[in-house]
Number of protein chains: 4
Amino acid sequence: MSKEKGPDHSRRKERSRQAILAAARALVTEETYEKVTVEAIAARAGVGKQTIYRRWPSKSAVVVAALLALSEDADGQSVTLPDTGDLRADLGLVMRATVEEFADPSFDKLIRALNTEIANDAALAAEYREKLAGPLDEAKKARLRSAQKAGQLASDADLDLVLEVLYAPLFLRWLHRSGPLTTAYADSLVDATLRAFGP
Amino acid sequence: MSKEKGPDHSRRKERSRQAILAAARALVTEETYEKVTVEAIAARAGVGKQTIYRRWPSKSAVVVAALLALSEDADGQSVTLPDTGDLRADLGLVMRATVEEFADPSFDKLIRALNTEIANDAALAAEYREKLAGPLDEAKKARLRSAQKAGQLASDADLDLVLEVLYAPLFLRWLHRSGPLTTAYADSLVDATLRAFGP
Amino acid sequence: MSKEKGPDHSRRKERSRQAILAAARALVTEETYEKVTVEAIAARAGVGKQTIYRRWPSKSAVVVAALLALSEDADGQSVTLPDTGDLRADLGLVMRATVEEFADPSFDKLIRALNTEIANDAALAAEYREKLAGPLDEAKKARLRSAQKAGQLASDADLDLVLEVLYAPLFLRWLHRSGPLTTAYADSLVDATLRAFGP
Amino acid sequence: MSKEKGPDHSRRKERSRQAILAAARALVTEETYEKVTVEAIAARAGVGKQTIYRRWPSKSAVVVAALLALSEDADGQSVTLPDTGDLRADLGLVMRATVEEFADPSFDKLIRALNTEIANDAALAAEYREKLAGPLDEAKKARLRSAQKAGQLASDADLDLVLEVLYAPLFLRWLHRSGPLTTAYADSLVDATLRAFGP
DNA sequence: AGCTAACCGAGACGGTACGTCCGGTCTTGTC
DNA sequence: GACAAGACCGGACGTACCGTCTCGGTTAGCT
């Protein structure tokens, strides 16, 4: 039983909200990010501009919300990584999946847009970490802790550092387009990480 | 004796060019990057807008050129890293210097602006790699090769990968503000890298 | 009982419209006509440029509208000329009034601007004739018709021609500054006209 | 053997001068007058902009000079009107010739441009009167004086006024496009003038 | 069923900056 | 030493969006 203040306009609200986020996502994947404008989002969503500004303070916020909403829908609540007992194999799986994601043009544009925004806005960066990166990292760290118990990872390893050594090279290579993102590359990152933090 | 290609408009050209780049740098460090406009750069440089558009196709290009010019001036030609024979110490020095750079607010804003641009423009990214990242990486790889000869690094190590494992975690932590950039953190990255690629 | 067509944005619309036209008039009287710019009009009116471009296609159109609006306000609906029964006296009155108008620096600039525009744009010329010159000429022709009935003017005179012979010399002398505009000159034009088209 | 002041750059000077004036004339007849720019004139004439600004202070001056030059070439020195002894016939000839000129699209554009400039610049207007209108009017007045001697025109008629009554209605009708310019119209102006100023 | 008030779409508004064009000046190298 | 070529500073052009502000027209829930 909700105890909202006004009458229940929530249905309309929700519909327009979803339309806005969907429009934002569509535009980010279609166009140059520079060309994504609040007016275009509003037009695409069939919504007045004011309806957007009522909810979000800036274009950046809408776009970030749109991208974060993507993952909120995806996961029921918690993310879990596979745990076959073979850490190398499990990490390799995750890394290869990440490589594939980055190869998808839509995803590529989406994540570049997201990074453009959070690089220049500390508040959005915090929201990104809390809502998106945080839960994912937590899931990965859970897998790493399991590996520590199984003696496949140094028990005193700083798990944040482990994740960074594993993931940051891949991400940066993608962001700066400084090299090819191949399966072999993903594997060699897993290897390096295990050498650095193995038991 | 210079043997330049074009006619010698060079004096005026060069003066206005430098004024534009300096103005761009100044504005990027002073203001929100969003607020850096071509008009503001022109006004600050005491230059007509057309003089900017004659040379660069967009604000992005000016800003990137401005930042790249910084380092072009800095190095006479070649960058060399210290080589004391102690790889761990030398890398630690470089990494701690990087941490300090990122702590400088001006530098922070400059590099964020640069990354915003190159993340969304493959051509600018290529220019960045060629003019700025490339030479630096080459210098670092020279030091690593020296270490390989000295038996301090696996002789079959992929040096690009080594550099990524060393540097990308630091860079990403800075870009996403996902953790503190401390001297200890720099050292632990050197340690991890040496464990991963040591002999 | 108003039965307007559109929605009632009329208040804002009308306020900005009047501000624009007033600003245009003010600038035309103050500055060289060449120096009247859309930006200056917008600034003076406290209005965005787009608000001007939304309504008029060019600076010319704004200026013409501004000047036409002047007379639209002035006359309730119909213009009537004095009819004392003495044609010579009545025409003399009108011509001397015209001479006085042309002697007013503000009016001079306004009318020069108007003529600059309509000389080079047939559409604006048509609008000028319909809205401004037409009604005035109609009023004058009414007076001439009355004179024809009174036997003071040839009954077969082409009234348009009569008006031209009366008025064009004055206008052209003013436009080309080819001679002084005096009361005596006005009178001699009336005399010539009456000689040419008298009974 | 000319004894010019400098060395014999006079040939080049004259050639570029003619090229500039010809280009100005060509552009005025081809394009909207608004689109005639100093840059376009220079390019068309194969001349640097500075060569134009060295000689004339503004675009207006160039255009006026270009048009005035037209008639300077035309008349050897003096203009003379036909004098058959029949004033009505002679004036009719001149007026009908004027109607034909105004019907020529090139001439129309040229004269509109000229009028645009002189309406807003008293100095140019004076130059126009002195160089172009003056001599023509003088020729016409010579014919009128001959008519006065022959008793075809009131001996005390103000010849300037006669010319205005004759010519201004035609000119204004053309300038404001307020009516058709026909042969009949030209004749009726001659008739009216002769009625007004006949003996 | 009718009322009432929040909320919506639409889009005009005052602004800022865009990227282009041209005016008028200044510089360079050629003829 | 005048010239063509054209870069330069300045500033207006007309357009695109920004974020704010009405405006009527739904669309609830409440009477």
inquiry  = Using a heavy-atom cut-off of 4.0 Å across all strands, would you classify R55(A) as base, sugar-phosphate, or nothing?
reply    = sugar-phosphate
query = Heavy atoms under 4.0 Å, any strand shown: does S16(B) hit a base, just sugar-phosphate, or nothing?
reply = sugar-phosphate
Taking [atom1] from [X] and [atom2] from [N], how many angstroms apart are they, rounded to a whole number?
| X | N | atom1 | atom2 | result |
| --- | --- | --- | --- | --- |
| E34(A) | dC18(E) | CD | P | 11 Å |
| I52(C) | dG15(E) | CD1 | C1' | 13 Å |
| I41(A) | dA10(E) | CD1 | C1' | 17 Å |
| R15(D) | dA4(F) | CZ | C1' | 14 Å |
| E14(C) | dA12(E) | CD | P | 16 Å |
| Y53(D) | dA7(F) | OH | P | 17 Å |
| I20(B) | dC8(F) | CD1 | P | 8 Å |
| E39(C) | dT16(E) | CD | C1' | 11 Å |

query = 5'-most contact on DNA chain F: K59(A) or G46(D), nearest heavy atom basis?
reply = G46(D)
task = Tell me, with the steps shown, if L114(D) and V64(D) meet side chain to side chain contact (heavy atoms under 4.5 Å, CB included).
result = CA-CA 6 Å; L114(D) 182 58; V64(D) 171; 4.0 Å; yes
task = Answer yes or no: does a side-chain N or O of T51(C) lie under 4.0 Å from OP1 or OP2 of dA12(E)?
result = no
First encountered from the 5' end of DNA chain E, between S58(B) and A42(C) = A42(C)
inquiry  = From the set dA12(E), dC8(E), dC8(F), return the single nucleotide nearest to any side-chain atom of R54(A).
reply    = dC8(E)
key: Side chain of V47(B) - closest among dG14(F), dC13(E), dC9(F)   = dC9(F)
task = State, with a plain yes or no, whether a side-chain heavy atom of V38(C) is found less than 4.5 Å away from one of V62(C).
result = no
ask   = Got a donor-acceptor contact below 3.5 angstrom from the R177(C) side chain to the A119(D) backbone?
value = yes
note = The salt bridge (charged side-chain N to carboxylate O under 4.0 Å, His left out) partner of E30(D) among K35(D), R25(D), R44(D) is R44(D)
request  = Answer yes or no: side-chain N or O of K49(C) and base N or O of dG14(E) forming a donor-acceptor pair under 3.5 Å.
outcome  = no
ask   = Is a donor-acceptor contact shorter than 3.5 angstrom present between the side chain of Q50(B) and the base of dC21(E)?
value = yes
ask   = In Å and rounded to the nearest 0.5 Å, what is the NZ to CD distance from K59(D) to E34(C)?
value = 7.0 Å
